[in-house]
Each structure stands twice: as structure tokens, then as C-alpha cells.
Amino acid sequence: MSFREAGAEALPFADDRFDVVTCRIAAHHFADPVAFVQEVARVLRPGGLFLLVDNVAPQDPVLAEAMNRIDRERDPSHVEAYTVARRVGWFAEVGLDLTYLTRLLKPMDFRDWVERAQMPASAVVALERYVLELPAQARSYFEVVEEGGALTSVCV
């Protein structure tokens, strides 16, 4: 086994090199996700597997913008969570077939989540206010849990 540091959009490997390519909870940080998918297809052997785990934006553009705003305010390196439909389109363009898809909701303990990001206290307060003031449809979608006026959990 060896390790190489490289941008996901320009992998330093030969064509048809790997049986499996994985990417876990990173693609929403990539500046050019289309180039990343093209690189995955290039380095995969015919019949190879691409395993992707990442944040997925809702199809509803209002909910998608809310989700991306929440993530961007918590972590400025967040570029965008994309919809399943958009990603599947990118896969199809490079000949990758979707064979399995599942959505797993991961409730985030709000205090722990923002502490891990080392957010300034004022930014935490602003983000909490934003989430708690979301319309009912968004609060339901993101499974917002509030106790005593404080945000305790959110799924993004």
C-alpha cells in the first residue's frame, strides 16, 4: 500500500488502474465535482466499483439552499451538496451505472457538531437562530429538534 496526495480532480494514476475507488464524505468540498467523477471513471477498470458516501441535497431548491447554507456557515470549506439526480447525471455522462442507492439520515447533536468545527460563539448563535427560524417544511425535513428554545439536533 502506498499513499499519494493529489487533488480529486486530477488523480495521479494510470487509466483503468483500480477495481474500486471510494470517496467518503468529501465530494461536497470539491471545487469541480464533474472533473472528479471523470477522473474516477478514468482510473476504474471496466466493471470496477465506485463507492461514494456524501451529503445529498434535497430536490427542492429552497431546501437545498437551506442545507448548503447551514453547512457553509458551519464549515466554510463546504462547496455544495448536490442532488442525487445531478450526480446520477454526471455518472451517466462518463459511463458509470448506478447500482445501489440509499439515504441514511444522521442526526447531528448541534453543540457537538459546531464545537468540532471550532465555530466562534457568535457564529454558533447565528446558525442556531437561522435553523430555528426555518419554515415548518424545512424544520420537518431537517428533523430539527428544539428543547427549551435551544437547538439540540439537526439532520443535514
Side-chain angles (χ1 to χ4, degrees), residues 1-119 123 127 130-131 134-135 137-145 151-156:
M1 180 184 296
S2 65
F3 296 91
R4 293 194 195 165
E5 186 174 334
E9 298 93 342
L11 299 173
F13 306 108
D15 295 0
D16 304 327
R17 175 79 171 109
F18 299 103
D19 294 316
V20 178
V21 174
T22 66
C23 180
R24 182 182 176 275
I25 311 175
H28 62 276
H29 294 282
F30 298 162
D32 188 348
V34 174
F36 162 65
V37 171
Q38 291 168 341
E39 283 292 276
V40 167
R42 182 184 65 76
V43 300
L44 268 178
R45 289 186 178 132
L49 295 175
F50 173 36
L51 307 173
L52 174 66
V53 175
D54 201 25
N55 299 1
V56 176
Q59 279 298 127
D60 180 305
V62 173
L63 291 175
E65 178 49 41
M67 177 184 186
N68 280 302
R69 178 175 171 183
I70 291 166
D71 276 334
R72 242 182 258 107
E73 288 189 18
R74 179 188 168 267
D75 179 359
S77 72
H78 173 91
V79 174
E80 185 173 351
Y82 301 95
T83 65
V84 169
R86 195 159 173 201
R87 288 184 189 208
V88 169
W90 297 336
F91 301 160
E93 288 174 9
V94 295
L96 297 175
D97 295 321
L98 180 66
T99 58
Y100 179 77
L101 171 70
T102 189
R103 180 176 180 229
L104 302 173
L105 295 175
K106 185 175 179 184
M108 299 294 193
D109 175 281
F110 183 72
R111 296 291 163 213
D112 177 63
W113 193 54
V114 296
E115 283 175 18
R116 283 186 282 128
Q118 301 178 342
M119 292 178 68
L127 180 57
Y130 173 74
V131 172
L134 286 169
Q137 175 195 12
R139 287 174 53 100
S140 174
Y141 182 86
F142 298 121
E143 298 185 10
V144 172
V145 177
L151 177 58
T152 60
S153 178
V154 62
C155 288
V156 290

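For reference, positions follow the sequence shown, starting with 1. Heavy atoms only: backbone and side chains are in, while hydrogens, waters and symmetry mates are out.
Between Y82 and H28 the shortest side-chain heavy-atom distance does not fall below 4.5 Å. A 4.5 Å side-chain heavy-atom check between V145 and F110 finds every atom pair outside the cut-off. Proximity of D19 to L49: side-chain heavy atoms (C-beta onward) are nowhere separated by under 4.5 Å. Here the side chains of K106 and V156 are not in contact, with every heavy-atom distance at 4.5 Å or above. In this structure, the side chains of H78 and N68 come closer than 4.5 Å at one or more pairs of heavy atoms.
Remark: side-chain polar atoms of R24 are not paired, donor with acceptor, to backbone N or O of L52 under 3.5 angstrom. In this structure, the side chain of H29 engages the main chain of S77 through a donor-acceptor pair within 3.5 Å.
E73 has a carboxylate O that lies under 4.0 Å from a charged side-chain N of R69, or vice versa, which qualifies the two as a salt bridge.
Classified by interplanar angle (parallel below 30°, tilted 30° to 60°, perpendicular above 60°), the ring pair F18/F13 is perpendicular.
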Salt bridge (charged side-chain N to carboxylate O under 4.0 Å, His left out) between R111 and E115, intermediate numbers included: CA-CA 6 Å; R111 296 291 163 213; E115 283 175 18; over 6 Å; no
R86 and E80: CA distance, side-chain angles, deciding distance, salt bridge (charged side-chain N to carboxylate O under 4.0 Å, His left out) verdict: CA-CA 12 Å; R86 195 159 173 201; E80 185 173 351; 3.5 Å; yes
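The distance from atom CD of E143 to atom OH of Y141, rounded to the nearest 0.5 Å, is 9.5 Å.
Remark: R42 pairs with D15, E39 by the salt bridge (Lys or Arg N to Asp or Glu O under 4.0 Å) rule, at least two apart or across chains. Shown here are the side-chain contact (heavy atoms from CB on, under 4.5 Å) partners of A85, two or more places apart in sequence or in another chain: Q59, T83.
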Please report, to 0.1 Å, the donor-acceptor pairs under 3.5 Å made by any side chain of residues 87-96, with sequence neighbours excluded.
| residue | atom | partner | partner atom | Å |
| --- | --- | --- | --- | --- |
| R87 | NH1 | D54 | OD2 | 3.3 |
| R87 | NH2 | D54 | OD2 | 2.8 |
| R87 | NH2 | N55 | O | 3.2 |

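Across L98, L44, D97, a single residue satisfies side-chain contact (heavy atoms from CB on, under 4.5 Å) together with F50, and that is L44.
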